[in-house]
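Reviewing the structure listed below.
As the structure lists them, so they are numbered: ligands from 1, and atoms in each ligand from 1.
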Amino acid sequence: MRSLLSPEGRSALAGLASARNPLFAFDFDGTLAPIVTRPDDAQIPLPVSRRLGALAARRMVAVVTGRSVADVNARLGFAPKYVVGNHGAEGVSSSQAEAWARTLDPLRSTLRAAKSQLSACGVRVEDKGLSIALHYRTAADEAVARAAIEAVLRGLADELTVVGGKCVVNVVVRAAPDKGDALLALASECGADTGLFLGDDDNDEPAFAKLPPHWVTVRMGPDFARSQAAFYLDGPSQMATLLQMLLDLHHPP
Ligand SMILES: [Mg+2]
C-alpha cells in the first residue's frame, strides 16, 4: 500500500480533480477529528473545518460516520451536502429505519439489566437509535471491560452483528447498510462518477472493499497494513495538508 502523498497518490488525486462529478467522503473520528479520551470531546481542528467548508462550496462532500447524524452535524462547523450516520444505516434509503431501530429493543433490555455491572468495569453504553456503542476507552482494565461486553453480547440475536472499533464495540443491524452500501447508494443518488473516501477503522473497511477500483480509498493511521484501501495517510494531522492539495487542484494557486 502507498502513501496518498506519494507520486501515485498525487496522480490519483489529480484524476479526481479532472473528473466530471466526484464525491469527496470522509469518516469523522480518527479521520477529520483526532481520537480523544472522551468521544464527547472530539472536535475538527479549525484549519481542517475551514478547508473542508471551502471544498464543500465547490464539490460534493459527504461525512460518513459511526455517530448519529445529529451528533456529528453539531461538530462539523460547516454543512456538507450529505451526512450519513450510524455506520451507514442513517441518512440513506431509510424507509426501513424504524424497523431496524426496533430490532435493537431486546438488546436495550439486556443492557439496562446489566447497566451497573458494565459501568463498574468502565463500559459506557451509547444508544444511537440505529446502532448501540459500548465504549471502554476510559476503563481501568481494558481486558476486564472487553470480557464484560462479550458476556453481555453472548447469544446476540441473528438480526444483529458486531463491528469492532478503537476501544468500542458497535452493535449494528445486519440488514442495514454498512458504509460501503451507503456510499454506493449516495454515489448513485448524486450521480458521482468517482470519488475519494478516507477512514481509520474497521467500520470503514466495507467501503474500501465495495467501492469500485477507480475510487481513491485511504486508510488513516498505523493499521493500514491489513486494510483493503489503496492508499494510507499517517493520521488526522495530515488532513489539513490533503484538503489544501484538493483545493489547489480545483483552483490552482
Ligand atoms: Mg473513524
Side-chain angles (χ1 to χ4, degrees), residues 1 4 23-45 48-49 51-52 61-78 80 82-92 124 126 128-138 142 161-172 176-183 186 195-211 215-243:
M1 191 194 283
L4 187 61
L23 176 66
F24 294 87
F26 305 85
D27 166 51
F28 184 79
D29 294 275
T31 301
L32 294 177
I35 297 282
V36 288
T37 305
R38 286 168 18 99
D40 278 354
D41 295 336
Q43 286 184 352
I44 302 192
V48 173
S49 91
R51 287 170 174 83
L52 204 48
V61 167
V63 173
V64 185
T65 174
R67 290 180 185 260
S68 70
V69 169
D71 178 339
V72 84
N73 266 337
R75 297 171 192 279
L76 291 178
F78 75 105
Y82 303 101
V83 180
V84 173
N86 271 288
H87 313 281
E90 184 185 9
V92 182
R124 188 175 67 82
E126 184 189 8
K128 299 188 264 192
L130 291 170
S131 69
I132 294 177
L134 301 160
H135 299 275
Y136 58 93
R137 185 169 293 278
T138 55
E142 287 190 5
T161 188
V162 164
V163 180
K166 291 173 177 164
C167 293
V168 65
V169 174
N170 302 292
V171 182
V172 301
D178 57 30
K179 287 193 181 188
D181 302 322
L183 273 165
L186 204 55
L196 165 75
F197 176 61
L198 297 93
D200 73 307
D201 215 338
D202 292 357
N203 65 347
D204 300 304
E205 288 297 327
F208 301 145
K210 291 179 184 180
L211 287 168
W215 276 60
V216 181
T217 52
V218 187
R219 175 89 185 209
M220 307 288 286
D223 297 329
F224 61 81
R226 58 188 178 83
S227 174
Q228 297 195 66
F231 297 99
Y232 70 88
L233 279 180
D234 291 341
S237 62
Q238 291 181 317
M239 275 304 306
T241 305
L242 168 66
L243 289 166

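The Mg ion (ligand 1) is closest to atom O of D29 (considering only N, O or S atoms). Within D200, the N/O/S atom positioned nearest the Mg ion (ligand 1) carries the name OD1.
Counting backbone and side-chain atoms alike, D27 contributes an N/O/S atom closer than 2.8 Å to the Mg ion (ligand 1).
The number of heavy-atom neighbours closer than 6.0 Å to CD of E142, taken from other residues, nucleotides and ligands shown, is above 12.
At a threshold of 4.0 Å, the pair D29-K166 does not count as salt-bridged, since none of the basic side-chain nitrogens sits closer than that to a carboxylate oxygen.
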In sequence, state the C-alpha distance, the side-chain angles, and the governing distance for R137 and V168, and then conclude on side-chain contact (heavy atoms from CB on, under 4.5 Å).
-> CA-CA 7 Å; R137 185 169 293 278; V168 65; over 6 Å; no

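Using a 4.5 Å heavy-atom threshold, the side chains of R219 and D204 count as separate.
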